[in-house]
Visitor: 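This is the structure I have questions about; it appears just below.
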Amino acid sequence: MTIEQAIKERHSVRAYLDRAIEEEKLQILRQEIEKCNTEGGLHFQLVENEPLAFQSITAHYGKFRGVRNYVACVGKKAKDLSERVGYYGERLVLLIQTLGLNSCWVALTFKKVQDAFTVAEDEKLVCVICFGYGVTQGVGHKIKDYKDVCDVKNPPDWFKNGVDAALLAPTALNQQKFKITLKGDKAQISRRGLGIYTKIDLGIVKYHFEVGSGRRI
């Protein structure tokens with residue numbers, strides 16, 4: 001499966017089978033986490049076979065079941081930390097999908113387990129990404145149309161492809177609060193209005209656009 005296919009087929013999954021993840025897949029994920037940390041100035045950490053974080057009341061309320069593996073999205077405190085977490089976290093999410101696994105972004109419905117991962121005094125845990133073999137492949141949600149997020153008429157193919165991929169990006173509460181514009185031959189993506197976790201969403205959307213368009217923002 002390619003990253004482009006993963007964008008189209010990936011949906012959030014909260015319930016997982018009691019099935020071990022093959023070591024070769026975990027190793028691929030470890031290597032990509034290392035690359036993301038280097039490129040993004042982050043401190044993402046892979047947590048394996050740790051069931052306690054998703055055994056809280058809030059996790060059950062959020063319908064999480066069978067979660068034993070997750071990525072702790074940690075980084076040094078900075079204004080752009082959440083956006084970088086979204087960008088590089090989604091890079092991991094789509095890789096996970098290509099490996100035949102499922103995933104879900106999680107911001108609140110988990111508890112921090114002591115010694116599962118580390119967060120230095122100058123760092124912040126932004127969220128986690130749980131993953132594993134899903135009970136199902138998840139379901140899609142209604143998404144906005146091109147005209148809802150962009151007013152560029154007669155766009156070049158690369159730009160249209162980028163917007164199409166961005167519209168498939170997961171966002172908190174499926175709010176899709178972003179706007180995409182074209183300045184010359186350069187695309188720009190910004191948050192539209194206020195909303196929960198829109199900074200993380202912005203990073204996720206940017207990564208999707210870059211994959212779809214084949215161009216960096």
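What you see below is based on every heavy atom in this structure, not just the backbone, and it leaves out hydrogens, waters and symmetry mates.
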Visitor: Counting C-beta onward and ignoring hydrogens, is there a side-chain heavy-atom pair between L42 and V74 closer than 4.5 Å?
Guide: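 Not touching, per the 4.5 Å side-chain cut-off.
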
Visitor: Can you list every pair that meets salt bridge (Lys or Arg N to Asp or Glu O under 4.0 Å) and has a residue in residues 167-196, with sequence neighbours left out?
Guide: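 Residue pairs with at least one partner in residues 167-196: there are none.
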
Visitor: Around atom CD of Q5, are there more than 12 heavy atoms from other residues, nucleotides or ligands closer than 6.0 Å?
Guide: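 Counting other residues, nucleotides and ligands, CD of Q5 exceeds 12 neighbours.
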
Visitor: For the pair F64 and F54, name the ring-plane relationship: parallel under 30°, tilted 30 to 60°, perpendicular over 60°.
Guide: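 Aromatic pair F64/F54 classed tilted.
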
Visitor: Using a 6.0 Å cut-off, check whether atom CG of D157 has over 12 heavy atoms from anything other than its own residue.
Guide: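 Atom CG in D157 is not crowded, with 12 or fewer foreign heavy atoms closer than 6.0 Å.
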
Visitor: Quick check: are there more than 12 heavy atoms from other residues, nucleotides or ligands sitting under 6.0 Å from NZ of K124?
Guide: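 For K124, atom NZ is not crowded (no more than 12 foreign heavy atoms under 6.0 Å).
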
Visitor: Between D122 and K76 (side chain of the first, backbone of the second, donor and acceptor by atom type, cut-off under 3.5 Å), is there such a pair?
Guide: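 Flag not set: sc D122 to bb K76 has no pair under 3.5 Å.
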
Visitor: Got a salt bridge between E23 and R30, using NZ or NE/NH1/NH2 to carboxylate O under 4.0 Å?
Guide: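 A salt bridge links E23 with R30.
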
Visitor: Do the non-hydrogen side-chain atoms of I204 and T171 ever get within less than 4.5 Å of each other?
Guide: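 Sidechains of T171 and I204: no contact.
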
Visitor: Considering non-hydrogen atoms only, spot the tightest contact between F209 and I217 and give its length.
Guide: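 Closest approach of F209 to I217, heavy atoms only: CD2-CD1, 3.7 Å.
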
Visitor: Check the surroundings of atom CG in N49: do more than 12 heavy atoms from other residues, nucleotides or ligands lie under 6.0 Å from it?
Guide: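 More than 12 within 6.0 Å, yes.
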
Visitor: I need the minimum non-hydrogen distance between G40 and Y88, along with the two atoms involved.
Guide: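 That would be CA-CE1, 3.4 Å.
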
Visitor: Should E210 and Y87 count as side-chain neighbours, where that means a heavy-atom distance under 4.5 Å?
Guide: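 Touching, per the 4.5 Å side-chain cut-off.
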
Visitor: Does Q27 have more than 12 heavy atoms from other residues, nucleotides or ligands lying within 6.0 Å of its CD?
Guide: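 Result for CD/Q27: enclosed.
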
Visitor: Say you draw a straight line from OG1 of T136 to CZ of R14; how long is it, rounded to the nearest 0.5 Å?
Guide: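 So the gap between those two atoms works out to 11.5 Å.
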
Visitor: For K25, check side chain to side chain donor-acceptor pair (under 3.5 Å) against everything at least two apart and list the hits.
Guide: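 Y133.
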
Visitor: Check the pair F131 / Y16 against ring pair (Phe, Tyr, Trp, His ring centres under 6.0 Å), numbers first and verdict last.
Guide: CA-CA 8 Å; F131 67 95; Y16 297 87; 8.2 Å; no

Visitor: I'd like to check L92 versus C36 (side-chain heavy atoms, cut-off strictly below 4.5 Å). Are they in contact?
Guide: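 They are in side-chain contact.
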
Visitor: Test E83 against K199 for salt bridge (charged side-chain N to carboxylate O under 4.0 Å, His left out), laying out the working first.
Guide: CA-CA 5 Å; E83 183 178 329; K199 291 183 179 180; over 6 Å; no

